[in-house]
K.L.:
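Here it is: the structure, laid out below.
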Number of protein chains: 2
Amino acid sequence: MENLEAVARAERNPDQTRQRILEAAFMEMYRNGFQGMRLDEVIAATELTKGALYHHFPNKRALGYAVVDEVIIPTVEAVWLQPLKSSAEPLQGLIDVIEQMPDNEHKPPEMIRYGCPLNNLAQEMSPLDEGFRQRLDYAFRVWQDVIQQTLERAQQKRHIRAGVNCEEVATFIMAAMEGCIGLAKNAQSMERLHVCNRGLIQFIRSLQPQK
Amino acid sequence: MENLEAVARAERNPDQTRQRILEAAFMEMYRNGFQGMRLDEVIAATELTKGALYHHFPNKRALGYAVVDEVIIPTVEAVWLQPLKSSAEPLQGLIDVIEQMPDNEHKPPEMIRYGCPLNNLAQEMSPLDEGFRQRLDYAFRVWQDVIQQTLERAQQKRHIRAGVNCEEVATFIMAAMEGCIGLAKNAQSMERLHVCNRGLIQFIRSLQPQK
DNA sequence: TTAACGACAAACCAGTTGGTATGTCAATAG
DNA sequence: CTATTGACATACCAACTGGTTTGTCGTTAA
């Protein structure tokens with residue numbers, strides 16, 4: 001009785017099944033893009049069936065949206081935003097996040113090989129699908145806000161000059177980070193990521209007051 | 001006789017046919033990515049047939065490679081590199097190129113809507129196909145070299161500090177440019193491109209000697 | 001004059017893809 | 001005890017997609 005229930009619970013757990021689908025779909029989208037993701041591959045990875053997938057998601061697009069909302073955005077928040085929010089030294093915290101970028105989130109090769117999941121999807125889908133675009137734009141704006149707040153904290157501590165336009169600079173830093181990752185991904189070179197990041201850090205340091 | 005030849009030449013011009021295919025394929029790839037490009041759409045745009053397409057290109061991938069080699073790379077050279085090479089004032093020339101970015105190459109909306117053809121393809125294909133990756137990596141390196149040479153000229157003219165590492169900075173500038181375009185594309189906002197570009201120009205100005 | 005060839009056209013094909021219709025089965029409500 | 005429902009499984013399909021085969025026709029070389 002107990003045993004049977006346990007088995008049944010293990011085999012039939014809708015929330016867990018849904019989560020497995022989301023994670024498999026994320027990996028497929030990360031590697032092949034949304035258009036390149038094949039539902040058959042998601043099914044194979046989850047060891048489920050097409051019926052199961054279409055029970056949880058009405059179509060491919062809805063699955064893609066759910067991956068953005070429930071996987072990508074929470075991951076960005078956890079990996080990029082949380083460390084910034086919680087750093088006591090805002091400017092150094094920002095530099096630390098950039099320097100630790102390659103080690104973060106996924107194993108190092110993953111990031112060099114496939115780039116940033118958020119930006120990948122944005123570049124692929126934003127001209128093609130307004131639903132994707134809006135979701136990804138939201139993610140970028142949240143991210144930018146956190147960078148901006150970090151810069152403003154640094155400004156209050158006199159770690160960067162008073163004349164610096166924090167909103168403008170935050171926009172640029174975020175764009176530059178994505179640019180660095182993209183370039184390193186195309187070169188398939190960790191060295192290139194480091195070189196590029198050093199340029200970015202040099203920019204951030206240039207915001208400091210001249211002694 | 002003359003007339004017949006002229007008609008025949010107009011209707012049967014292999015080089016021109018090939019070029020028409022390349023241009024139509026480029027537009028399809030620019031809008032939908034390589035994987036998203038449908039050969040049927042290329043055929044429809046050229047008003048040719050599948051037989052004609054496969055007469056000029058052995059398969060889809062070879063067509064994609066040819067688009068990179070014969071359309072994208074020459075365009076990058078003409079639009080981005082030539083102005084830099086020929087500018088008498090290197091540093092201001094670099095800034096001008098960035099400021100005129102939205103107007104350049106294609107009509108303004110085109111660039112905001114679909115981004116940079118080179119970077120789009122790089123982000124989509126570099127993890128999936130080594131042939132694409134190498135071609136696009138070559139394009140990025142040529143581009144970077146030109147920026148680096150421009151910076152070195154500026155350095156000789158004492159327009160930027162002697163201590164600046166021109167290779168590192170060139171890498172970063174190129175990455176940041178792509179990042180700015182990508183961000184603006186996701187936001188579908190020209191204003192955002194300008195904001196982001198101002199950050200980049202601020203960085204370039206920070207390389208100047210302090211007075 | 002004719003055989004070969006280059007440049008395409010038309011028709012066709014096999015594999016893949018997103019999506020659907022139907023069936024099964026255990027849990028739960030009444 | 002039974003009807004219903006949620007959570008899947010199985011089988012299937014129409015549309016599409018890259019690619020191939022075969023055919024046409026004007027030009028060119030021998």
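Computed from a predicted structure; not experimentally measured.
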K.L.:
May I ask you to decide if the ring planes of B:F203 and A:F203 are parallel, tilted or perpendicular, using 30° and 60° as cut-offs?
P.N.:
perpendicular

K.L.:
For the pair A:K85 (side chain) and A:Q149 (backbone), establish whether a donor and an acceptor sit closer than 3.5 Å, ignoring hydrogens and angles.
P.N.:
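Checked: no pair found.
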
K.L.:
Would you mind reading off the distance between A:I43 atom CD1 and C:dT20 atom C1', rounded to a whole angstrom?
P.N.:
13 Å

K.L.:
Nearest 0.5 Å, please: how far is CG in B:D96 from CD1 in B:I98?
P.N.:
9.5 Å

K.L.:
Which of the following nucleotides, C:dA9, D:dA9, C:dG19, is nearest to the side chain of A:Y54?
P.N.:
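Closest of the options to the side chain of A:Y54: C:dG19.
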
K.L.:
Once you round it to whole Å, what is the distance between C1' of D:dT17 and CD of A:Q35?
P.N.:
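Rounded to the whole Å, the gap is 14 Å.
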
K.L.:
Whole angstroms only, please: what is the CZ-C1' distance between A:R18 and D:dC8?
P.N.:
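Spelled out: CZ on A:R18 to C1' on D:dC8 is 15 Å.
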
K.L.:
Are any of B:H55's side-chain N or O atoms less than 4.0 Å away from OP1 or OP2 of C:dC8?
P.N.:
no

K.L.:
I need the CG-C1' distance between B:L53 and D:dT20, as an integer number of Å.
P.N.:
14 Å

K.L.:
Quickly work out the A:D40 CG to D:dA11 C1' distance and round it to whole Å.
P.N.:
14 Å

K.L.:
Find the distance B:L63:CG to D:dT17:P and express it as a whole number of Å.
P.N.:
15 Å

K.L.:
Would you check if there is a donor-acceptor pair between the side chains of A:Q123 and A:N119 at a distance under 3.5 Å?
P.N.:
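Yes, side-chain donor-acceptor contact under 3.5 Å.
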
K.L.:
Considering just the side-chain nitrogens and oxygens of A:H56, establish if one lies under 4.0 Å of OP1 or OP2 belonging to D:dC8.
P.N.:
yes

K.L.:
Can you tell me the distance, in whole Å, between the CG atom of B:L39 and the P atom of C:dT16?
P.N.:
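Rounded to whole Å, this separation is 17 Å.
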
K.L.:
If you go through the side-chain atoms of A:K50, does one of them form a donor-acceptor pair with the base of C:dG19 closer than 3.5 Å?
P.N.:
yes

K.L.:
Taking only side-chain N and O atoms of B:T17, does any of them lie within less than 4.0 angstrom of OP1 or OP2 on C:dA7?
P.N.:
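Indeed not, no polar side-chain atom of B:T17 lies that close.
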
K.L.:
Write down the distance between CZ (A:R38) and P (C:dG19), rounded to a whole number of angstrom.
P.N.:
12 Å

